[in-house]
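Below, chain A is the first sequence line, B the second, and so on; all start at residue 1.
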Amino acid sequence: MLQQTTVQAVKSYFDKFLKRWPSVEDLAAADTDDVMAAWAGLGYYARARNLKKCAETIARDHGGIFPDTFEGLKALPGIGDYTAAAIAAIAFDRPEAVVDGNVERVMTRFYAIETPLPSAKTEVKAKTKTVTPLDRPGDFAQAMMDLGATICTPKRPACVLCPLREGCRALASDDPQRFPVKLPKAKRPVRVGAAFVAETEDGKILVRTRAQSGLLGGMAEVPTTGWTSRKDGETGANAAPFAAGWRRAGDVTHVFTHFELRLTVWHAKTQKQAVSGGRWEPIDELGEKALPSVMKKAISEAIPQAFKPQGVGKS
DNA sequence: CAGACGTGGAA
DNA sequence: TTTCCAAGTCT
């Protein structure tokens with residue numbers, strides 16, 4: 001959960017997740033859609049699919065016991081270089097070089113590495129390997145990460161308080177904050193599309209499940225057009241899944257990692273009807289479904305009280 | 001190897 | 001308001 005995600009964002013999800021699926025076997029036996037629903041809002045949904053696959057692999061192929069080597073861990077779904085090294089070092093006391101974003105920052109500063117990231121990753125990994133001790137490698141890894149999280153911060157590092165102040169080349173030079181050097185990032189393109197919130201008299205809306213891979217893979221959505229960067233992209237009611245009294249509810253903007261999405265949201269009161277691949281879900285149960293944030297945003301644009309606590313704001 | 005892959009909080 | 005970025009991984 002913590003991959004590219006802050007502790008604050010993760011905390012409540014982690015608590016709920018472990019309460020619901022306390023063991024690897026529990027998660028392996030879980031319904032994948034329930035897992036996706038429990039992950040909804042956290043982002044990077046491939047992590048949820050991979051975590052589930054990982055649990056299944058460990059339950060089925062490893063007798064419910066985690067591998068205790070870097071190579072064994074790395075072979076599992078969702079466990080890459082960083083996570084494999086972190087588990088090996090912290091859980092199994094193995095002297096692996098643990099390099100996350102924090103360690104990258106500490107190392108590139110301490111050695112004043114001018115090579116921009118991500119090219120410098122190889123060099124950082126090699127340097128980290130040379131400084132990782134055979135004794136308590138897990139504590140060393142956590143100390144490096146905590147140093148980066150609390151002292152050697154991205155902005156305004158607290159060098160006065162730093163235990164590594166003496167040998168730090170970045171501090172000795174001029175501007176420690178200059179490191180790590182990073183390549184300039186490309187501008188985010190804008191994509192447009194339309195989303196259709198079809199609502200019945202008895203308080204249900206039409207939803208469907210997205211493809212298992214790719215953007216928001218395996219998550220629920222209301223029917224939408226494709227999301228295109230073309231200027232003449234479809235945003236009108238003519239692209240709706242069926243004819244109805246569609247009213248324009250408004251626009252929502254949502255920022256993804258690699259593009260910005262502007263959705264025109266359409267709303268209609270309709271009869272419940274059969275739509276290929278679609279299903280009608282009660283609005284008051286939407287909060288428990290696998291709906292990503294962008295979809296909650298779109299639905300709220302059409303039905304403002306959809307995700308509000310029940311019985312509140314009614315009067 | 002470069003691009004895909006979410007979201008919300010902080011500066 | 002805009003930009004950055006957070007315990008990265010997969011293709």
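- Looking at A:R109, A:K121, A:K125 one by one, the single match for salt bridge (Lys or Arg N to Asp or Glu O under 4.0 Å) with A:E104 turns out to be A:K121.
- Taking a cutoff of 4.0 Å between a charged side-chain nitrogen and a carboxylate oxygen, A:E301 and A:K297 do not qualify as a salt bridge.
- Look at NZ on A:K52: it is 20 Å from C1' on C:dC10, rounded to the nearest Å.
- Distance check on atom C1': B:dG8 versus C:dC10 gives 24 Å, rounded to whole Å.
- Nucleotides B:dG6 and C:dC4 are separated by 15 Å at their C1' atoms, to the nearest Å.
- A straight line from NZ of A:K185 to C1' of C:dT2 spans 13 Å, rounded to a whole angstrom.
- A:Y82 and A:I79 fall into different hydrophobic clusters, defined by Ile, Leu, Val, Met, Phe, Trp and Tyr side-chain heavy atoms under 4.5 Å apart, directly or through other members.
- With a 6.0 Å cutoff to the six-membered ring centre and a 45° limit on the axis angle, A:K11 does not count as a cation-pi contact of A:F14.
- Salt-bridge check for A:E221 with A:R210: passed, with a basic side-chain N closer than 4.0 Å to an acidic carboxylate O.
- Looking at residues two or more places apart in sequence or on another chain, you find a side-chain hydrogen bond (donor to acceptor under 3.5 Å, both in side chains) between A:T83 and A:Q3.
- Using a 4.0 Å cutoff on non-hydrogen atoms, the parts of residues 113-148 of chain A near DNA chain C are A:M145, ordered by number.
- Using P as the reference atom, B:dA2 and C:dA7 are 24 Å apart when rounded to the nearest Å.
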- Expected string for nucleotides 3-11 of chain B under the B/S/- scheme (protein heavy atoms, under 4.0 Å, primed atoms plus P, OP1, OP2 as sugar-phosphate) is -SBBBSS--

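- Test A:F17, A:W21, A:Y44, A:Y13 against A:W39 for ring pair (Phe, Tyr, Trp, His ring centres under 6.0 Å) and you get one pass: A:F17.
- The aromatic ring centres of A:F256 and A:F259 sit less than 6.0 Å apart.
- Residue pairs meeting the side-chain hydrogen bond (donor to acceptor under 3.5 Å, both in side chains) criterion with at least one partner in residues 240-252 of chain A, sequence neighbours excluded, are A:R248-A:D251, A:D251-A:T264.
- When the P atom of C:dT9 is taken as reference, atom CG of A:L2 falls 12 Å away, rounded to whole Å.
- For residues 71-91 of chain A, proximity to DNA chain B is found at no residue, defined as any non-hydrogen atom under 4.0 angstrom from a strand atom.
- Note that the SG atom of A:C152 and the CD atom of A:Q177 stand 10.5 Å from one another [nearest 0.5 Å].
- The list of salt bridge (Lys or Arg N to Asp or Glu O under 4.0 Å) pairs with a residue in residues 28-50 of chain A, not counting sequence neighbours, reads A:R20-A:D34.
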